[in-house]
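Structure record follows, encoded as structure tokens.
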There are 2 protein chains.
Amino acid sequence: MTSEIDEENQVLSPQGESSEDQSEQDCSECGAKGRCLREGLGEEQMQGLRKITRTLGPFKPGENIFRVEDKFKSLFVIQSGAVKIETASFEGTKLVDGFFFRGDLVGLESIGAHQYGHDAIALERTLVCELPFDHLESLCSFVPRLQRKLMIILGQKIRYTNDTIVHGRYMSAEKRLLSFLQMLCEKKIIEKSDNTGSVQLPMSKGDIASYLGLRPESLSRTLTKLQNDGIIRNQTKKIEFLDIKAILQQVCG
Amino acid sequence: MTSEIDEENQVLSPQGESSEDQSEQDCSECGAKGRCLREGLGEEQMQGLRKITRTLGPFKPGENIFRVEDKFKSLFVIQSGAVKIETASFEGTKLVDGFFFRGDLVGLESIGAHQYGHDAIALERTLVCELPFDHLESLCSFVPRLQRKLMIILGQKIRYTNDTIVHGRYMSAEKRLLSFLQMLCEKKIIEKSDNTGSVQLPMSKGDIASYLGLRPESLSRTLTKLQNDGIIRNQTKKIEFLDIKAILQQVCG
DNA sequence: AGCAGGATTTGACCCAGACCCATTGGTGGA
DNA sequence: TCCACCAATGGGTCTGGGTCAAATCCTGCT
């Protein structure tokens, strides 16, 4: 079922599973190329970054990259695949706090904490690049552009949460879903011709519901509504966008 | 009405309004002492930090420290007083995104953006310490502990938002309010004897409601309910805590 | 002190989405 | 291939909190 995606990741990450024997990271074929933390650094500035990183994985769907109680040690750049992070809510149930795709940094949420404080779970076959935080921090002192980049990413994360979650509290289920679909478009669109396209969903509907602050039943109903309105076609592991313009504009309106 | 608070701030910030003539910042009597970014730095490490900072204010209640469209330039440590930040929601109404008290850093949300993206408004007589971000960044490269401190603060901010706002979506109005009161306890408690205490509210009830993702009417009803339950005494600009233990425990329960 | 205008509270009503339950569908393992 | 199991959907009901409207209460101003 996820075979298409796996194929693609293979192609994009040829350094693949046997990366342990590499003494230095080879970024030239990484799936996160163009979106990684290192982007914008000069060749000699990258040397240091390459030396401290190594590829981990592949993680199979459902496997943990780290766990709540693990000691915070590293950030992870997603080379290929997708990851969710989740915490136990105050009532005990699991609560999805975020999704991460190719090029995203996982672990920012734990900077300054002793433990990660949440589980990071692969949603599909996933390769990550580990950045030990201590090393990264030291490196930042010598490479101001890296320091700046990291701070910018932290700032963006704060803003993104604010714009989506905080403002999302005032949005209807339909708007929340639309802005989620919009995000998916930007991060993961597979094929896109003019006004239509489609996305493979690496996560379950339940995960999406949790992330949006809705019950699965409500999400399901909202998806059905959008389908009846002719905006999407709702499938189990895939959503087709029949009217991308409508999606982009309805979020704002 | 806010005279008590103003008095107190006076005492705590004697460098006060005429700080422009100081060539170097004097932190020895600052109201944020013990909670400021510089905490934990050695004497010689603080030298650099002092050189780039200056005190601004006092801002009167309602005055802007910066505005949405202002170019992002500085972070601000609150020496005394209180500040809210707010943005226009997608439907046009103002939405309170955060409250800041003595020792808090305002402006983190805008790191990496061109403009602040929100208004920062003093809620009472407020003095702030300006940290030009470019200078702060350069300084971070030379003072690893400062760099680390800043990153930790950014990480904490991300976690705090996650724990309150994100998880708050699954909490009832009552629980949200209780966790807000808990935060106030930690940040601003005026007097506290054993199991009781009280807080002067520098912000309006409307601001609190907005911050909690509620309508003013709902907040009012919830406050009334807590009062009937004997947990608080609800006044216009002040809340008395009649049973602090109940507040602390009910949030978790 | 008296008044205008906004903030806060209260009441009545409504609705989006939670909750509970039944059915269907998709998937991985024997 | 078949079965067991969980994900997804759909129906029905309930309710917390939103919405509208009408007092009060405060506060700053004259």
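FYI, side chains are in, hydrogens and waters are out, and symmetry mates aren't considered; it's all heavy atoms of this structure. Each chain gets a letter, A, B and so on, in the order its sequence line appears, and its residues count up from 1.
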Can you figure out which of [options] approaches the side chain of [X] most closely?
X	options	answer
B:Lys205	C:dT9, D:dG17, D:dT9	C:dT9
B:Arg221	D:dA7, D:dG18, C:dT9	D:dG18
B:Arg215	C:dT8, D:dG18, D:dG10	D:dG18
A:Glu217	C:dG11, D:dG10, C:dT8	D:dG10

When all nucleic acid strands are considered with a 4.0 Å heavy-atom cut-off, which category describes [X]: base, sugar-phosphate, or nothing?
X	answer
B:Thr222	nothing
A:Leu219	nothing
B:Asn234	sugar-phosphate

Nearest-Å distance for atom pair [atom1]/[atom2], residues [X] and [N]:
X	N	atom1	atom2	value
A:Ile208	D:dA7	CD1	P	14 Å
B:Glu174	D:dT15	CD	P	17 Å
A:Gln200	C:dG26	CD	P	15 Å
A:Gln235	D:dT9	CD	P	11 Å
B:Leu201	C:dA7	CG	P	16 Å
A:Lys237	D:dA8	NZ	P	6 Å
A:Lys225	C:dG17	NZ	P	11 Å
B:Gln227	C:dT9	CD	C1'	11 Å

Using heavy-atom distances to pick each residue's nearest nucleotide on DNA chain C, tell me which of B:Leu223 and A:Ser172 is more 5'.
B:Leu223
May I ask you to decide if [Y]'s main-chain N or O and [X]'s side chain share a donor-acceptor pair within less than 3.5 Å?
X	Y	answer
B:Arg176	B:Met171	yes
B:Thr196	B:Phe241	no
B:Thr126	B:Phe59	no

For a quick check under 3.5 Å, do [X] and [Y] share a side-chain donor-acceptor pair by atom type?
X	Y	result
B:Glu174	B:Thr222	no
B:Lys225	B:Asn234	no
B:Lys157	B:Asn162	no
B:Gln115	B:Ser110	no
B:Thr55	B:Gln79	yes

Review item, nucleotides 2-6 of chain C N/O atoms under 3.5 Å of protein N/O:
none

Begin with the C-alpha distance, continue with both residues' side-chain angles, and end with the deciding distance and a verdict on ring pair (Phe, Tyr, Trp, His ring centres under 6.0 Å) for B:Phe66 and B:Phe76.
CA-CA 10 Å; B:Phe66 55 76; B:Phe76 301 89; 5.8 Å; yes
In residues 161-170 of chain B, what residues come within less than 4.0 Å of DNA chain C, judged by heavy atoms?
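Result for residues 161-170 of chain B: none.
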I need the single residue from A:Lys94, A:Arg67, A:Lys84 that forms a salt bridge (Lys or Arg N to Asp or Glu O under 4.0 Å) with A:Asp119. Which is it?
A:Lys94
At less than 4.0 Å, is any side-chain N or O atom of A:Ser218 found next to OP1 or OP2 of C:dG17? Yes or no.
no
